[in-house]
2 protein chains.
Amino acid sequence: MSKPDIVFVAKLAGVSPATVSRVINHPDQVRAGTRRKVELAIEKSGYIRNRAALAMHGKRSATIGVVIPTLANTIFAEVIQAFNETVSAQGYTMLLASHGYDLEVEFKLTRKLLEHRVDALVLVGLDHHPGVFRLIGEQPVPCLAIWNHAADAALPCIGVDNREAGRIAAEHLIALGHQDVALIFPETTENDRARDRMMAALDAFRATGTEIRTDRQIRVPYSVAQAKSACITMLQRPDRPSALLCCNDVIAQGAVYAAARLGIPVPSELSIIGIGDFAGSAQMEPALTSVRIPAQSIGVSAGHEILRAIETGDQAAIRSSRIDLELVMRGSTGIAPRLR
Amino acid sequence: MSKPDIVFVAKLAGVSPATVSRVINHPDQVRAGTRRKVELAIEKSGYIRNRAALAMHGKRSATIGVVIPTLANTIFAEVIQAFNETVSAQGYTMLLASHGYDLEVEFKLTRKLLEHRVDALVLVGLDHHPGVFRLIGEQPVPCLAIWNHAADAALPCIGVDNREAGRIAAEHLIALGHQDVALIFPETTENDRARDRMMAALDAFRATGTEIRTDRQIRVPYSVAQAKSACITMLQRPDRPSALLCCNDVIAQGAVYAAARLGIPVPSELSIIGIGDFAGSAQMEPALTSVRIPAQSIGVSAGHEILRAIETGDQAAIRSSRIDLELVMRGSTGIAPRLR
DNA sequence: AATAGTCTTGCAAATGTTTTCATAAAAAAT
DNA sequence: ATTTTTTATGAAAACATTTGCAAGACTATT
């Protein structure tokens, strides 16, 4: 009664296991009559082939391992969705793991995915546990870093230049005349994306002679709720800044709500800019100005590159690419109050 | 140079493959000295055990298949995250597939996951392709439907009663005196959650003698952008309703933004209620009134039940449970204008 | 020092499938 | 009708691992 295997089906159809295998994998190699018999037996027995046995044969496992920091908010939803659509169209399934912004955990998960003999590996960002680099150096598995791009990256990568993202955001505020800006960022020690953006933003302001004081640098996790309450606290102080530069749109959305709650008019009294242009940002009122990260494109190209690397068997075949950022000016930023 | 296997490691350590296997799986069964030798050889060779071979032995594959409608918006992010955290703590990895609200695709994906010999299967909702029911009837795999709960369900299920959700939302609006209500829902043919909510809402209004006209029933996909623009169109008509009952918070968020855009004061002129209480809903201004679906609880209980079923090997062991809904009254709903 | 008992370890079988090679059957050519 | 060619099928090896069994190596007990 327990799950029928290929030899059970073969007996039922009165043929050899080899023939059953051929019906499944090379149907054209078997005579129509036999094929029908076998197909009937498969149908009747409810046979489902065991991919594990297949994978043991050096065949593809038809799985792609994907390790992301979190599933909890919108940040990676769009890339992953696009990536998944691309590869699943070719019959691949995603083994998805999330590490909660802990690179030690990321290492363990990566190892586990390799145990499953994923045909390829996708990671987010360029900063990883040394063990991760060792693993992908040793294992013959195509590996791709997404979201980030850097010319000198240790890994093939498809994504944006986060330093540029931080710079674009900062320069937009600078161009609007903002001098007193607060930076709302998460903890950056295990998050290279956030770190790059912040450093570039600080540099951009420094280049205009403005040093952003540390009490203008707020630490907050990626959470609309926590961002909102942190911003409320900060914006209630008498010397509030004229603009908020947020590490991503999750935080920026929280900031917009905070301003709304306090009745601070945006953008006339307070400008808010995010990074990412996540779903919903364009619809907010006021709509959020953001540095657009084309998640869709990243996911799709990543999918194609991975597929190509798997098909050709050449793990070095992955082409890195830098996806262009774009400043999307919307209603949440405006000229600094002091200039009017 | 190609990936070392267990016999390579065995040779390197000067022991038999069996001993290497034991070092990995039953370390206490091997003498400390030998163990160290083997561990060194594993380390040195960069050996990673092949789970496929393991799975072939009737062992666990240590994967759990999860099929969801979409990854693209927040809807399922929280459940999946909670579920994943729960099961990954026990060493399981998620094979995640999304079908884009197409039950035919869902069937194919389910089949594929079974080929991978997932140790358990999680689906969303109770409505499925007949093939899905056949598969899970034939395969000895614990299967659990999440998000929905119904007493007479064909599958073990952990979730909420979506009819109740629709009813609670409707009755809240009724209690506030709203008689002219619009329903903003997605296509319901392949989405039992949406269908149940809508039917129950219509019934609730009918019970008070109000029949909701079909031109008050708007069809819109789950997208903030599309919901917003559809609502803008509708709210601009001279005979706009006094309340909007939205199938979920994604749509409701779009509705709130639509009202903001048009300058319609919420809730004094227009009440908006959602279902789900997704991330961000509580932070909006005005904060969104919603029927809370405790995604976190659902994910965690689902995880525990699945783990129990896997460990005990008893697929019938999964206990269904109905998770309680809760009306969360916030700023987006208020007394109907005609009563003031 | 001998015996019994306890640990360690290796051998070999088993797992489910694919594929190469050989053979049998059918089709085509004479 | 016979031979040649082509096509379809089966037998068996291979894949990487685990585990029951048996034998060998210790340890403890007398």
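All heavy atoms count here, side chains included; hydrogens, waters and symmetry mates do not. Below, read A as the first sequence line, B as the second, and so on, with proteins coming before strands; counting in each chain starts at 1.
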Measure the distance from [atom1] on [X] to [atom2] on [N] and round it to the nearest whole Å.
| X | N | atom1 | atom2 | result |
| --- | --- | --- | --- | --- |
| A/L54 | C/dT15 | CG | P | 18 Å |
| B/K37 | C/dT8 | NZ | C1' | 12 Å |
| A/I48 | C/dG16 | CD1 | C1' | 14 Å |
| B/R51 | D/dT17 | CZ | P | 12 Å |
| A/H57 | D/dC15 | NE2 | P | 8 Å |
| B/Q29 | D/dC21 | CD | C1' | 13 Å |
| B/R35 | C/dC7 | CZ | P | 15 Å |
| A/R117 | D/dA16 | CZ | P | 9 Å |

- Test salt bridge (Lys or Arg N to Asp or Glu O under 4.0 Å) on B/R308 and B/D314 and set out the steps. CA-CA 8 Å; B/R308 214 163 47 77; B/D314 180 6; over 6 Å; no
Contact under 4.0 Å: [X] side-chain N or O vs [N] OP1/OP2:
| X | N | value |
| --- | --- | --- |
| B/K59 | D/dT19 | yes |
| A/T19 | D/dA8 | no |
| A/N50 | C/dT17 | no |
| A/H26 | C/dT18 | no |

- Query: Are A/E106 and A/H128 linked by a side-chain donor-acceptor pair shorter than 3.5 Å?
  - Reply: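 Judged by distance alone, the side chains do pair up.
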- Query: Under 4.0 angstrom, heavy atoms only, what part of the nucleic acid is A/V15 near: base, sugar-phosphate, or nothing?
  - Reply: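 If one applies the 4.0 Å heavy-atom cut-off, A/V15 turns out to touch the sugar-phosphate alone, with no base involved.
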- Message: Considering every strand and a 4.0 Å limit on heavy-atom distances, what is the contact class for B/F8: base, sugar-phosphate, or nothing?
- Response: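 Touches nothing.
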- Task: Decide if atom CZ of B/R134 counts as having more than 12 heavy atoms of other residues, nucleotides or ligands within a radius under 6.0 Å.
- Result: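 Yes.
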- Taking atom NZ of B/K11 as the centre, report whether more than 12 heavy atoms of other residues, nucleotides or ligands fall under 6.0 Å from it.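 12 or below, so no.
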Side chain of [X] - closest among [options]:
| X | options | answer |
| --- | --- | --- |
| B/M56 | C/dT17, D/dG10, C/dT15 | C/dT15 |
| B/D5 | D/dA12, D/dT17, D/dT19 | D/dT17 |
| A/R31 | C/dA26, D/dA14, D/dT17 | C/dA26 |
| B/R49 | D/dT17, C/dT20, C/dT9 | D/dT17 |
| A/I6 | C/dT17, D/dA8, D/dT17 | C/dT17 |
| B/S16 | D/dT18, C/dG10, C/dT17 | C/dG10 |

- Message: On DNA chain D, compare the nucleotides closest to A/R22 and B/A53; which residue's is nearer the 5' end?
- Response: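 Here A/R22 is the residue nearer the 5' end.
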- Query: Has the side chain of A/E115 got a donor or acceptor atom that lies under 3.5 Å from a matching backbone atom of B/N50?
  - Reply: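 Looks like no, no N/O pair under 3.5 Å.
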- Task: Just do the side-chain contact (heavy atoms from CB on, under 4.5 Å) check on A/S16 and A/T19 with the steps written out, would you?
- Result: CA-CA 5 Å; A/S16 77; A/T19 303; 3.4 Å; yes
